[in-house]
Amino acid sequence: MRIATWNVNSLRSRIDRVEAFLERHDVDVLAVQETKAREDQLPLMGLQARGYDVAAHGLDQWNGVALISRVGLEDVSVGFPGQPGWGDPGVVEARALGATCGGIRIWSLYVPNGRKPDDPHYVYKLDWLSRLREASAQWLDTPTALVGDWNICPTDDDVFDVAQFKSSTHVTPPERAAFQRFLDDGWAEVTRAHAPGYTYWDYYRQRFERDRGLKIDFVLGSAGLAERVTGAFIDRDERAGQGASDHAPVVVDLTDAPR
DNA sequence: ATGGTAGAGTGTCTA
């Protein structure tokens, strides 16, 4: 089975590229982030014509997440226990969507950006990660993948210029500690060993052409998932040219479940 | 410190 994660920066403006990507790489399950579409605005026809089911949630114009699967899409849930709303009172922000696809539990995650270290949104980011960690502990003993845009550079090698980020989010010790706690719990980041390099390049200043990017898109697997990983790659070509998202897709291959 | 680009949608916000 082949799964992938991709921050598409608008599903509607990128739908042709998404469909081409699914076909080019024969992808079974794609987790997408920043769908930037209400549920009634989703471009479903081409996906369904290619045999994919879609589950999506997006309450605002920025942070929607979705799962696109041709190997089943069961037990769909939005958010996770303890996830609070942000913005309008009582509104649960759409940053996590989970489903069982082809026998594995997969979560499409869009970790809050944080904006600035002194912004309330940064506190929200750390709180959100803490709640995700608490909720995800119960999935460690089943084949589960926490995939998406983590908006954290776990090491200095994951930033094109650490000095330039010294007063920015994504590299602060609390964010890195929050990421590390998932690994300490038993989650394994399964892409890095197979797929070095960045996954995101800002649109301006020709960051992609100069390979000045960040590695912030990751796939964390429970033991039962990690043992099935046979390879991974970053589809850098997808980031090139006109009309690209600012993120490249990350693809992971899994063997069949042991029996 | 600022601004550069892109996408949502027409006011600016978010990344």
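Order of the sequence lines fixes the chain letters, A, B, ..., with proteins taken first and strands second; residue numbering starts at 1 for each chain. Atoms considered below: every heavy atom in the structure, side chains included; atoms not considered: hydrogens, waters and symmetry mates.
- The distance between atom OH of A:Tyr204 and atom P of B:dA15, rounded to the nearest whole Å, is 12 Å.
- Separating the CZ atom of A:Phe208 from the P atom of B:dA6 is a distance of 14 Å, rounded to the nearest angstrom.
- The NE2-P distance, from A:His121 to B:dT14, rounds to 8 Å in whole Å.
- Each of A:His247 and A:Ser13 has a nearest nucleotide on DNA chain B; the 5'-most of these lies closest to A:Ser13.
- Below 30°, between 30° and 60°, or above 60°: for A:Phe21 and A:His25 the angle between ring planes is above 60°, a perpendicular geometry.
- On the P atoms, B:dT2 is 28 Å away from B:dA8, given to the nearest whole Å.
- Counting any heavy atom pair closer than 4.0 Å across all strands shown, A:Tyr110 reaches sugar-phosphate atoms only and no base atom.
- Counting to the nearest Å, the C1' atom of B:dA15 and the NZ atom of A:Lys116 are 11 Å from each other.
- With rounding to whole Å, A:Phe165 atom CZ is found 12 Å from B:dA15 atom C1'.
- At B:dG7, none of the side-chain N or O atoms of A:Gln41 fall inside 4.0 Å of OP1 or OP2 (strictly under the cut-off).
- One finds no side-chain N or O of A:Arg12 lying less than 4.0 angstrom from the OP1 or OP2 phosphate oxygen of B:dA6.
- Position along DNA chain B of the nearest nucleotide to A:Arg14 versus A:Asp149 favours A:Arg14 as the more 5'-ward residue.
- Side-chain contact check for A:Asp127 and A:Ser130: no donor-acceptor pair (N or O, by modelled atom type) lies under 3.5 Å.
- We find that CD of A:Glu34 is positioned 14 Å from P of B:dG9, with the value rounded to whole Å.
- Taking atom OH on A:Tyr122 and atom P on B:dT14, their separation rounds to 19 Å, with Å as the unit.
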Original post:
Passes side-chain hydrogen bond (donor to acceptor under 3.5 Å, both in side chains), A:Asn9 versus A:His247? Steps please.
Top reply: CA-CA 8 Å; A:Asn9 186 19; A:His247 292 249; over 6 Å; no

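- Comparing B:dG4, B:dA6, B:dA8 by their nearest atom to the side chain of A:Tyr203 picks out B:dA6.
- Between A:Arg115 and B:dC13 there is no side-chain polar atom (N or O) within less than 4.0 angstrom of OP1 or OP2.
- To the nearest whole angstrom, the two C1' atoms, one in B:dT14 and one in B:dG4, are 15 Å apart.
- Note on A:Arg207: nothing from the nucleic acid sits closer than 4.0 angstrom, heavy atoms only.
- Applying the ring pair (Phe, Tyr, Trp, His ring centres under 6.0 Å) test to residues at least two apart or on different chains, the pairs with a partner in residues 97-119 of chain A are A:Trp107-A:Trp139.
- Residue pairs meeting the salt bridge (Lys or Arg N to Asp or Glu O under 4.0 Å) criterion with at least one member in residues 161-171 of chain A, sequence neighbours excluded, do not occur.
- Only the P atoms considered, B:dG7 is 30 Å distant from B:dA1, to the nearest whole Å.
- Per the geometry, CG belonging to A:Asp119 stands 13 Å off P belonging to B:dC13, to the nearest Å.
- Of the P atoms belonging to B:dG9 and B:dA15, the separation is 16 Å, rounded to the nearest Å.
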